[in-house]
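Each chain gets a letter, A, B and so on, in the order its sequence line appears, and its residues count up from 1. Since this is a predicted model, take the numbers as computed values, not measurements.
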Amino acid sequence: MFGLGVVKGFGVTLKRFADTYIDDVKKIPSRYAGQRGVIDQGPEDTGIFTIQYPEEKRTLPERFRYIPMLLRDDETGEDRCTACGICAKVCPPQCIWIVRDKDENGRPITRPTEFYIDASICMSCGLCAEFCPFDAIKMNHEYELAAFDRYPKLVYDKEELTVLVSYYAKLYPTQYTEEEKARADKAEKKSK
Amino acid sequence: MLKARLPAETPELPSVTPVWPGAELQEDEIWDLYGIKFDGHPFLRRILMWDGFNGHPMRKDWKEAFFEEEGKPFSSRWPEGHHAWAEDRVPWHGNVNYPDHFDPETWKEPVTFEAVQDEPGGNGNGRLHTQRIVVNMGPHHPSTHGVFRMVATLEGETIISLKPVMGYLHRNHEKIGERNTFIMNIPYTDRLDYLSSMSNNLGYVLAVEKLMGIKPPERAEYIRVIMAELTRVCSHLWSIGFLLNDLGAYFTPALYTIRERELILDLFEEASGARMLCNYMRFGGVTRDLPTGWLEKCNTVVFDRLPRAIDELERYLTNNEIILARCKGVGYLSAEDLVRYSVSGPMLRASGLQYDIRKVEPYSIYDRFDFEVPKFDGCDVYDRYRVRMFEVRQAVKIVQQALKQIPEGEIQTGKKAYQVRVPAGEAYARIEAPKGELGFYIVSDGKPNPYRYRVRAPSFINLNALEPMCIGYKIADSVIVLGAIDIVLGETDR
Amino acid sequence: MSNTEATITVEVPARWQDAVPGAVLSEDANSVVVAPESLVALCTYLRDHEGYDYLSNVTGVDYLNFKGRDASNRFEVVYHLYSTRGAVALLC
Ligand code: SF4
Ligand code: SF4
């Protein structure tokens with residue numbers, strides 16, 4: 001029958017329309033009262049899939065990557081980074097700059113004095129975090145970084161990049177546990 | 001592989017366009033990037049760069065603006081141990097030298113036209129006196145999927161010739177690829193066809209693995225196939241949605257088609273950390289194992305959500321009168337012609353030719369799965385749509401099998417290293433990407449970076465057939481013909 | 001599959017030589033170097049008689065200062081041919 005396809009199409013739209021309400025009734029608290037700040041939509045959900053950013057936000061998975069961060073130990077206050085330069089070498093757009101610290105005799109020591117990441121160039125690939133042998137650089141989940149000017153706002157220096165290890169442990173619970181376990185195993189092997 | 005060697009001065013070669021008209025755009029590209037002339041080419045032009053660009057950028061003696069020195073740009077970015085802006089070092093005005101005999105004031109585009117011409121013999125043969133009109137669609141027409149331009153010559157509303165103009169998004173991906181080390185190229189391949197980054201990753205790592213002579217472990221192979229096929233689902237669903245957009249059903253159907261894509265992207269994000277630019281595969285494996293709970297979630301999506309969603313789409317699209325009226329019989333090009341124009345992918349399969357690289361030359365572990373290659377022979381936009389629908393179903397079927405069979409175990413052969421040793425040699429690997437045949441041709445000289453890194457981009461090469469498919473149809477049809485080719489400009493322009 | 005490939009590497013170029021004399025300059029495990037002036041003739045022959053109907057990839061390579069190369073053969077244009085009827089990669 002002519003026009004049947006169009007009618008069917010509208011039928012689908014009608015079903016979707018109803019779905020959003022059914023979905024909302026099933027969920028507590030209600031989305032439309034503006035009470036759900038973080039939306040977590042799994043494969044069981046029907047209804048609308050759009051999110052009213054910035055009032056509503058998504059939950060981010062653990063491996064989400066945005067801009068790197070440098071880790072600093074909570075207790076000792078030491079940076080984990082040893083200025084080995086692997087991250088700067090592997091970074092595809094070459095947006096990491098490291099200046100190695102020197103002791104009073106001018107010999108390099110394993111600590112960076114300066115560490116820059118140009119966030120306007122960074123492609124968020126995560127290779128630096130993947131290949132750092134000291135677990136010193138990880139990907140931050142902070143994504144609201146908009147600034148009015150690229151320089152110097154988007155070139156992060158060491159202080160801006162540094163976070164505490166406890167912050168990292170909260171962002172990446174599974175990964176952190178795995179790494180700590182691997183580290184403990186290694187230490188145990190060494191002591192034997 | 002046929003090779004022709006040419007001298008440094010006056011590199012010239014006869015064009016193979018008389019044998020394969022599909023060589024046209026690729027020869028244009030070689031002329032543009034290498035400065036090799038092709039005799040007998042119908043329309044040799046600078047296709048990616050503009051005419052006022054001095055030099056041929058893929059030549060080894062042409063240096064990128066930021067990276068004037070050989071190899072690593074470190075020293076130039078980090079002088080005297082202090083951070084410096086790259087822009088300070090590169091005075092932009094110095095970059096804009098024009099080639100000899102080029103005057104920006106008098107320059108005219110090579111796609112030259114007179115906006116209105118009298119049709120030859122249009123008068124006095126009993127027909128209406130008409131004029132030919134040139135219509136410029138683009139560079140930023142909403143329905144062109146990106147910054148792409150079509151210069152169409154019309155008689156009335158009928159297209160009599162159409163030239164694609166591209167290069168607006170050109171980043172010289174291949175040159176960047178030659179500067180990068182092998183591993184740095186993986187995130188760059190994400191940016192080719194950004195709707196199917198997992199497939200691009202797969203094609204590239206397969207090419208490099210071919211050179212290195214390694215194979216990933218079983219589990220990694222399965223993960224790769226699952227990811228690549230989920231990508232195909234995403235890409236085809238987008239393509240169908242966009243086709244509807246091109247037909248004028250603005251975005252409601254497109255959003256319906258991509259709702260399930262959202263769930264797939266969530267899966268990608270959980271596994272790799274990013275939704276679209278996944279950067280997930282590595283030489284000899286994948287970056288990280290699937291997180292706990294991933295497979296269960298994937299099961300729900302693949303066994304429950306996707307089949308239902310596809311059924312629903314079919315219900316309201318396949319027999320919809322508007323789609324039938326607009327798509328049936330439009331953009332006809334026979335199988336022989338498509339092959340001559342080097343077209344690959346769903347378009348080829350919509351012309352009755354069951355040519356799918358996963359079947360004819362199985363790579364990875366595709367020989368273990370049971371799936372069908374569609375056979376539709378309408379050669380028109382409607383059948384291209386149906387092929388995509390069919391392939392989505394088959395892709396879901398492959399993922400279902402893979403999810404049942406996936407073993408436990410390692411995900412990486414050997415130790416993961418930030419610099420891989422790739423022996424000297426050359427390799428060409430091609431995969432059946434969602435858009436068509438995606439090939440990577442890599443020449444290595446044993447150094448940390450590839451000597452030559454070439455991407456055979458399906459979106460680019462499929463455009464060869466745009467003009468022959470549009471001629472004789474109405475101007476409004478050219479939009480859906482382009483939509484059915486399914487191009488992504490990141491890949492077209494590279 | 002590996003069988004067909006092996007036979008092609010060994011035998012076919014001789015047949016090509018008869019069809020288009022002087023076209024094949026040299027060959028190695030996975031490629032055939034063609035004389036530029038007979039390129040079109042050889043391609044026509046390959047398409048019509050050998051079944052290589054699909055030109056997959058054409059690209060250039062610049063071998064500047066590459067080992068074993070000089071100014072007389074600095075550039076190279078590479079053609080990857082396939083067949084849509086039986087998928088035999090050309091010597092690849
Ligand atoms: S962050 Fe890691 S890889 Fe980078 S310099 Fe520091 S220790 Fe080395
Ligand atoms: S995420 Fe990638 S681009 Fe960004 S700093 Fe790390 S390696 Fe460089």
Side-chain angles (χ1 to χ4, degrees), chain A residues 2-13 15-16 41-46 48-50 58 60-66 85-95 97-100 102 113-114 116 118 121 123-133 139 151-152 155 157 174-175, chain B residues 66-67 72-74 77-78 81-86 176 180-181 183-188 190-191 249 252-253 255-256 258-259 262-263 266-267 269-274 277 279 282 287-288 291-292 297-298 300-301 304-305 312-313 315-324 416-419:
Chain A
F2 188 77
L4 195 64
V6 178
V7 173
K8 271 186 194 163
F10 280 125
V12 170
T13 309
K15 185 175 163 298
R16 301 273 173 137
Q41 275 166 324
E44 300 82 23
D45 284 311
T46 49
I48 52 169
F49 265 61
T50 42
R58 293 172 53 234
L60 298 173
E62 184 176 324
R63 292 182 184 177
F64 179 78
R65 29 174 235 258
Y66 206 68
I86 287 179
C87 55
K89 250 184 236 144
V90 81
C91 173
Q94 298 286 326
C95 66
W97 293 270
I98 306 168
V99 179
R100 224 171 205 210
K102 290 196 176 85
T113 48
E114 293 166 58
Y116 299 100
D118 189 340
I121 298 178
M123 69 202 286
S124 304
C125 65
L127 285 181
C128 50
E130 195 176 326
F131 290 104
C132 174
M139 302 305 282
Y151 297 140
V155 180
D157 64 14
T174 4
Q175 194 178 319
Chain B
F66 278 5
F67 296 88
K72 290 278 182 197
F74 268 58
R77 288 254 196 135
W78 190 10
H82 205 77
H83 174 249
W85 308 129
I176 297 174
N180 282 345
T181 61
I183 202 149
M184 288 181 190
N185 274 340
I186 299 175
Y188 275 98
D190 292 341
R191 276 105 178 137
T252 307
L255 284 176
Y256 288 176
I258 62 169
R259 194 165 78 157
E262 199 66 13
L263 294 168
D266 283 346
L267 288 171
E269 191 178 26
E270 271 170 45
S272 73
L277 308 169
N279 182 19
R282 294 288 176 270
T287 26
R288 290 168 70 191
T292 34
K297 210 168 158 189
C298 189
T300 326
V301 173
D304 183 30
R305 280 306 281 260
E312 189 188 82
L313 283 179
R315 203 162 55 236
Y316 77 94
L317 292 181
T318 305
N319 288 319
N320 185 301
E321 291 86 355
I322 299 174
I323 293 183
L324 287 173
K416 202 150 78 175
Y418 70 91
Q419 219 165 73

For chain B, find which of A:Phe10, A:Phe64, A:Tyr66, A:Phe131 contributes the most heavy-atom pairs closer than 4.5 angstrom.
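Heavy-atom pair counts peak at A:Phe131.
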Portion of [X] that has a non-hydrogen atom of chain A nearer than 4.5 angstrom:
X: B:Pro291; value: both
X: B:Glu262; value: side chain
X: B:Arg305; value: side chain

Do you know which two heavy atoms are closest between A:Pro92 and B:Tyr188, and how far apart they sit?
CB-CE1, 3.6 Å
Would you name the heavy atoms of B:Glu269 and A:Pro61 that are closest together and state the gap between them?
CG-CG, 3.5 Å
dist B:Leu277:CG -> A:Arg65:CZ (nearest 0.5 Å) comes out at 7.5 Å
For chain A, the option from B:Thr287, B:Val301, B:Ile322 that forms the most heavy-atom pairs under 4.5 Å
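Looking at each option in turn, the highest pair count goes to B:Thr287.
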B:Ile186 vs A:Leu127 side-chain heavy atoms within contact, under 4.5 Å:
no
Does a side-chain heavy-atom distance below 4.5 Å link B:Asp190 with A:Met123?
no
Residue part contacting chain B, namely of A:Thr50, when any heavy atom lies under 4.5 Å:
neither
Could you look at A:Glu130 and say if it's the side chain, the backbone, both or neither that has a heavy atom under 4.5 Å from chain B?
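For A:Glu130, side-chain heavy atoms alone lie under 4.5 Å from chain B.
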Among all residues two or more places apart in sequence or in another chain, which pass the ring-ring contact (aromatic ring centres under 6.0 Å, His included) test with B:Tyr256?
none
Answer yes when A:Arg16 and B:Glu312 have at least one side-chain N-carboxylate O distance shorter than 4.0 Å, and no when they do not.
yes
